[in-house]
*Asks:* 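Just passing along the structure, written as structure tokens.
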Number of protein chains: 2
Amino acid sequence: MIERNSKSELAQNNILKAASDLFLSGGVKAISARAIAQKAGVSTMGIYSHFNGKQGILDALYIEGFELVSQAMNVDAGLTPLASLMQATDQYLSLGENYEAHYRLIFGEADSGYEPSAEAKAIRLESFGKLVAVTSTLLPASGAETEGSSDERGRQFALEIWALLHGFVSLKHHTLGAISNDDSPAKPYHWNWKDSARAAIRRLAASYRID
Amino acid sequence: MIERNSKSELAQNNILKAASDLFLSGGVKAISARAIAQKAGVSTMGIYSHFNGKQGILDALYIEGFELVSQAMNVDAGLTPLASLMQATDQYLSLGENYEAHYRLIFGEADSGYEPSAEAKAIRLESFGKLVAVTSTLLPASGAETEGSSDERGRQFALEIWALLHGFVSLKHHTLGAISNDDSPAKPYHWNWKDSARAAIRRLAASYRID
DNA sequence: GCTGGAATATAACGGTGTTATATATTAGAA
DNA sequence: TTCTAATATATAACACCGTTATATTCCAGC
């Protein structure tokens with residue numbers, strides 16, 4: 001029984017590792033069922049018996065991606081609210097760069113036909129819940145009645161943070177990649193997209209009176 | 001000569017109209033070469049002789065999308081800077097909803113293998129240039145030296161506007177769609193993603209002292 | 001009317017996701 | 001230990017995809 005589970009689990013682990021490796025190096029185009037099966041040393045039917053086909057493979061990678069997003073929210077203890085926010089910002093921007101394949105999958109830029117499973121959707125909702133919880137602790141106590149309940153204010157803040165950061169990462173992938181000059185000052189505008197994103201986050205923090 | 005050009009142009013127009021119609025109703029999955037050819041009444045070879053294949057079809061749709069983005073920046077004359085900004089905001093958010101297929105294509109959520117042609121990239125750069133020009137006119141005169149040149153300040157503002165709006169539209173497509181309640185108050189959080197985006201833009205405008 | 005270039009139609013290529021079918025493996029019961 | 005049934009696997013095949021080779025048709029110009 002143990003040996004049988006080990007063999008089946010071994011096949012599953014081999015398949016997922018093969019999928020992750022191919023995905024990190026070549027993106028979604030690199031993870032055909034045939035390519036994964038060949039790299040994992042199984043038959044294409046194994047992708048279906050162990051993982052519900054491409055759907056299961058993409059779900060697993062999607063969940064990996066949201067685990068990375070959750071990890072980006074972990075900051076050092078003892079920092080000021082602004083320092084915490086800036087550290088999480090840098091971690092998120094680096095995620096968008098260093099795990100580009102996972103990032104693109106999360107935001108639908110990998111396989112337009114992919115629809116996350118219920119389990120995968122639950123994990124992304126958890127990620128958003130964690131974001132709301134973490135960013136709410138950064139907000140100063142609110143006094144003004146017009147700003148709505150602290151729950152609503154916390155969620156609006158979380159949304160603005162995420163929309164702004166994701167906006168920069170996505171624009172970097174599709175529009176600004178041609179004009180960002182992380183490495184080359186010869187490009188037209190001569191600016192750094194990450195510094196631009198950091199400045200935007202600082203301005204947002206100031207508008208919420210975080211310092 | 002005229003009749004022959006008309007016939008060739010007729011074929012091109014039929015192909016592009018077929019592609020746009022299928023794209024608007026079914027997204028990128030609906031625009032296979034065979035489906036477009038059948039709907040346009042030509043052979044698949046016609047997609048290649050008139051349009052350089054799928055590349056040319058996607059380029060044409062991509063350009064349509066950026067034309068829509070540029071149109072979203074056209075606002076009524078005589079408005080205050082803040083009213084102009086809010087009108088453009090509403091137009092952009094509606095674009096993300098009503099032309100979802102085009103919007104997804106622009107931001108790489110349609111066909112991960114698609115790389116815009118040089119012509120298409122030039123048109124998107126024009127779009128960004130227009131955004132910078134339009135939003136710069138909304139900024140009050142800057143006095144503080146620490147805020148950088150007015151060109152840099154204008155571009156940073158344009159980027160923040162676009163990152164924020166695109167961030168909201170993209171999150172709506174992929175994460176917040178499950179929790180937005182445009183139509184149904186039964187969903188968990190009971191809020192309106194567009195109102196949230198508007199509030200974020202107002203806050204950003206205030207931080208740039210636009211009113 | 002003929003010729004050559006352009007356009008078109010069709011079938012085929014090599015890829016994809018998926019699975020039907022045959023075969024191999026293995027656990028459990030007798 | 002043997003047999004059976006369930007599970008897993010390997011292979012080939014299906015239908016679809018983007019693309020194009022090849023044959024045929026159309027048409028402009030001489």
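Keep in mind it's a predicted model, so treat the numbers as computed, not measured. In the text below, chain A, chain B and the rest are named by the order of the sequence lines, each starting its count at 1.
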*Asks:* B/Ile57 has an atom CD1; how far is it from atom P of D/dT19, in whole Å?
*Replies:* 11 Å
*Asks:* Ion pair present between B/Glu126 and B/Lys130, side-chain N to carboxylate O less than 4.0 angstrom?
*Replies:* no
*Asks:* As a test of understanding, state which of A/Arg153, A/Gln156, A/Glu160 forms a side chain to side chain donor-acceptor pair (under 3.5 Å) with A/Tyr208.
*Replies:* A/Glu160
*Asks:* Holding to salt bridge (Lys or Arg N to Asp or Glu O under 4.0 Å), I want the full list of residues that pass it with A/Asp151, two or more places apart in sequence or in another chain.
*Replies:* none
*Asks:* Hey, are the side chains of A/Leu58 and A/Ile31 touching, using non-hydrogen atoms and a 4.5 Å cut-off?
*Replies:* yes
*Asks:* Rounded to whole angstrom units, what separation is found between the CD1 atom of B/Ile36 and the P atom of D/dT19?
*Replies:* 11 Å
*Asks:* Grab the CZ-P distance between B/Phe51 and D/dT20 for me, whole Å please.
*Replies:* 17 Å
*Asks:* Among residues 100-118 of chain B, which ones have heavy-atom contacts with DNA chain C below 4.0 Å?
*Replies:* none
*Asks:* Any donor and acceptor pair, going by atom type alone, linking the side chain of A/Glu109 with main-chain N or O of A/Arg104 inside 3.5 Å?
*Replies:* no
*Asks:* A/Met45 CE to C/dT23 P: how many Å, rounded?
*Replies:* 17 Å
*Asks:* What is the distance, rounded to the nearest whole Å, between atom NE2 of B/His50 and atom P of D/dT19?
*Replies:* 16 Å
*Asks:* Relative to each other, are the rings of B/Phe107 and B/His166 parallel, tilted or perpendicular (30° and 60° limits)?
*Replies:* parallel
*Asks:* Please collect all side-chain hydrogen bond (donor to acceptor under 3.5 Å, both in side chains) contacts where either partner lies in residues 21-30 of chain B, sequence neighbours excluded, each pair once.
*Replies:* B/Lys17-B/Asp21
*Asks:* What bend angle does the helix from C/dG1-D/dC30 to C/dA30-D/dT1 show across its length, from five-pair end axes and to the nearest 10 degrees?
*Replies:* 10°
*Asks:* Indicate whether OP1 or OP2 belonging to C/dT8 is found under 4.0 Å from a side-chain N or O atom of B/Ser43.
*Replies:* no
*Asks:* Identify each atom pair where a protein N or O and an N or O of nucleotides 15-17 of chain C are less than 3.5 Å apart, giving names and distance.
*Replies:*
unit_1	atom_1	unit_2	atom_2	d
C/dG17	OP1	A/Lys54	NZ	2.6
C/dG17	OP2	A/Ala33	N	2.9
C/dG17	N7	A/Arg34	NH1	2.6
C/dG17	N7	A/Arg34	NH2	3.4
C/dG17	O6	A/Arg34	NH2	2.7

*Asks:* Check whether any side-chain nitrogen or oxygen of B/Thr44 sits under 4.0 Å from OP1 or OP2 of D/dT20, and answer yes or no.
*Replies:* no
*Asks:* Whole angstroms only, please: what is the CD1-P distance between A/Ile47 and D/dT11?
*Replies:* 15 Å
*Asks:* Between B/Arg198 and B/Asp195, is any pair of side-chain heavy atoms under 4.5 Å apart?
*Replies:* yes
*Asks:* Verify the ring-centre separation between A/Tyr92 and A/Tyr103: is it less than 6.0 angstrom?
*Replies:* yes
*Asks:* Which side-chain hydrogen bond (donor to acceptor under 3.5 Å, both in side chains) pairs, counting each pair once, include a residue from residues 34-52 of chain A, with sequence neighbours left out?
*Replies:* none
*Asks:* Heavy-atom distance under 4.5 Å between the side chains of A/Leu164 and A/Leu204, does that happen here?
*Replies:* yes
